[in-house]
Amino acid sequence: MTTPTRLLPFAPRRAVQVLAAVGTAALLVTGCGSDSDKGSDKKSDSAAESGGGTRTVKDATGTAVKVPANPKRIVTLTQEDLDAVLALGVKPVGITNGQGLSKPPAYLADKVKDINVVGNLLQPVMDKVVAAKPDLILAGDMQDEQMLKQLREITPATLVTMAPTDDWKLSFRGIGNALNKMNETNKVIGDYEAKAKKAGEGLGDNKGAEVSIVRWNPDGPSWMEKKQFASGVALDMGLKRPKAQDKDGNAHTPALSLEKINEIDGDWLFLSTLTSDGEKALKDVQEKPAYKDLGAVKKNHAVTVNGSVWSTRGGPIASTVVVDDIVKALSAK
């Protein structure tokens, strides 16, 4: 996404290396690997033991990686990876806490109650990962080469699943391919797209409305570009973005000052936070005239939503949450 300055809570996930730009599309390029591959080392053999053979896929950095043909013990290091495997009916053996959280994301909580947490987002505790005995590690958009090296010592079947510009569908297809579940993956995406289209067409007077999607940070609001996760869901529903926000990219803008707060206005305004400081800043500004003068606020069209869903890179389960949030808001009498 020129790419706007990325916000601090996202910074560890966005320290992008040029190699990552190859994209998750590479994950969809699959070689028909097998145990008969010449030169297989012990690490590759150990992966084969868990699932009756191996397949070769390319991860989001373009690196060819041998993975079990049918992985049984998956560890996910981001909530997007977790969202994806759960949507495919797979229960991982290890997960990390949600973005900006000290626990798994609330929207997935009922699905992960008895799964061991192995660390925070992209900050796994290696001993806990080892204890999970993974045969496949999904490492999100991790760029820490030293940490990736340690993870690959646990299992060489460690995949970077997201490149910086990937949308959730592309990343999800890559994960589905790594899990050898492409038919299921395509069905999940098809079901989502049908749901989003139907939901958008059923919005009555709000069909095609302009929706502003904003994350509030301690230092001010940032609106999300069109290819950012929640923005893409809104577009899939046939909704539009306000003129000031009608720009390609999948980042947030730099935080805006009160003098530029009109940039966040729209027919409807969806507001999220990720930290307690951001939540406090939002509450504080809601008492100020500049905020109260926004058209969406005057029409009572400002809606607070869950930042751990709306302000992430997203996944199939999160996408349906966003659809439901929008329908609930725009269909309210």
Side-chain angles (χ1 to χ4, degrees), residues 1 3-4 6-7 10 79-80 83-84 87 99 105 107 162 165-172 188-217 221-253 256 261-274 282 294-297 299-332:
M1 290 163 288
T3 300
R6 298 188 185 273
L7 305 173
F10 279 63
Q79 70 183 54
E80 292 88 356
D83 185 309
Q99 184 167 315
Y107 80 100
M162 307 173 202
T165 58
D166 291 346
D167 64 21
W168 74 263
K169 295 176 191 176
L170 184 57
S171 178
F172 181 48
V188 169
I189 292 174
D191 288 348
Y192 154 75
E193 290 177 339
K195 176 185 173 100
K197 182 179 180 180
K198 182 178 179 180
E201 291 175 346
L203 291 176
D205 291 344
N206 284 313
K207 181 179 179 181
E210 292 185 353
V211 294
S212 173
I213 301 176
V214 174
R215 175 180 163 189
W216 213 283
N217 311 287
S222 298
W223 52 263
M224 300 178 188
E225 295 172 335
K226 287 171 59 176
K227 293 182 180 178
Q228 189 275 346
F229 163 60
S231 302
V233 173
L235 295 178
D236 285 342
M237 294 177 68
L239 297 167
K240 302 173 184 175
R241 301 301 303 280
K243 186 175 181 180
Q245 299 177 24
D246 193 24
K247 296 179 181 178
D248 284 336
N250 62 348
H252 298 68
T253 63
L256 303 172
I261 198 173
N262 63 303
E263 286 189 25
I264 73 169
D265 208 355
D267 294 335
W268 288 84
L269 173 57
F270 289 90
L271 299 165
S272 67
T273 62
L274 271 177
L282 175 56
L294 293 172
V297 174
K299 291 184 289 187
N300 199 28
H301 285 181
V303 183
T304 301
V305 290
N306 187 342
S308 70
V309 176
W310 283 65
S311 283
T312 64
R313 295 189 67 172
I317 299 176
S319 69
T320 63
V321 173
V322 174
V323 170
D324 291 342
D325 284 347
I326 292 174
V327 169
K328 181 180 179 180
L330 273 63
S331 299

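Of the possible donor and acceptor atoms, one in the side chain of Gln228 sits under 3.5 Å from a partner among the backbone N and O of Thr312. Side chain of Asn206 to backbone of Leu330: a donor-acceptor contact under 3.5 angstrom is found. Gln79 places a side-chain N or O within 3.5 Å of a backbone atom of Ser308 that can act as its donor or acceptor partner. Not a single donor-acceptor pair under 3.5 Å links the side chain of Asn306 to the backbone N or O of Ser272. The closest donor-acceptor contact from the side chain of Ser222 to the backbone of Arg215 lies at 3.5 Å or more, if one exists at all. Judged by distance alone, with hydrogens and angles left aside, the side-chain atoms of Asp83 form a donor-acceptor pair with the main-chain N or O of Ile317 at under 3.5 Å. Side-chain atoms of Glu210 do not come within 3.5 Å of backbone N or O of Lys240 as any donor-acceptor pair.
With a 4.5 Å cut-off on side-chain heavy atoms, Glu263 and Pro221 do not count as touching. Between Ile189 and Pro316, every side-chain heavy-atom pair lies at or beyond the 4.5 Å cut-off.
Rounding to the nearest 0.5 angstrom, the gap separating the CG atom in Leu271 from the CH2 atom in Trp223 is 15.0 Å. Within the model, atoms OG1 of Thr304 and CG of Asp325 stand 11.0 Å from one another, a figure rounded to the nearest 0.5 Å. Atom CE of Met224 is separated from atom OG1 of Thr253 by 9.5 Å, given to the nearest 0.5 angstrom. The CG atom of Asp191 sits 10.5 Å away from the OG atom of Ser319 when rounded to the nearest 0.5 Å.
Under the 3.5 Å distance criterion, with hydrogens and angles disregarded, no donor-acceptor pair is assigned to the side chains of Ser171 and Arg313.
Heavy-atom minimum distance, Val303 versus Ala329: CG2-CB, 3.8 Å. Here the closest non-hydrogen pair linking Ala199 and Val327 is CB-CG2, 3.6 Å. Taking every heavy atom of both residues into account, Glu225 and Lys247 meet most closely at CB-O, 3.7 Å. Minimum heavy-atom separation, Asn262 to Leu294: CA-CD2, 4.0 Å.
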Fill in: CA sep, side-chain torsions, deciding dist, call: Ile213, Arg241, side-chain contact (heavy atoms from CB on, under 4.5 Å)
CA-CA 8 Å; Ile213 301 176; Arg241 301 301 303 280; 4.0 Å; yes

Worksheet item: Can you list the steps and then say if Leu269 with Ile264 is a side-chain contact (heavy atoms from CB on, under 4.5 Å)?
Response: CA-CA 7 Å; Leu269 173 57; Ile264 73 169; 4.2 Å; yes

Practice prompt. Check the pair Asp248 / Lys227 against side-chain contact (heavy atoms from CB on, under 4.5 Å), numbers first and verdict last.
Written response: CA-CA 6 Å; Asp248 284 336; Lys227 293 182 180 178; 4.0 Å; yes

Item to complete: Step by step, work out the side-chain contact (heavy atoms from CB on, under 4.5 Å) result for Val211 and Ile326.
Response: CA-CA 9 Å; Val211 294; Ile326 292 174; 5.5 Å; no

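Shown here are the side-chain hydrogen bond (donor to acceptor under 3.5 Å, both in side chains) partners of Ser212, two or more places apart in sequence or in another chain: Gln245.
Here Asp236 does not pair with Lys195 in a salt bridge; the nearest charged N to carboxylate O distance is not below 4.0 Å.
Between Phe270 and Trp310, the ring planes lie parallel to each other; the angle is under 30°, not in the 30° to 60° tilted range. A perpendicular orientation is assigned to the rings of Trp168 and Tyr192, their planes being inclined by more than 60° (bins at 30° and 60°).
Within 6.0 Å of atom NZ in Lys328, 12 or fewer heavy atoms from other residues, nucleotides or ligands are found, so the atom counts as exposed in its surroundings.
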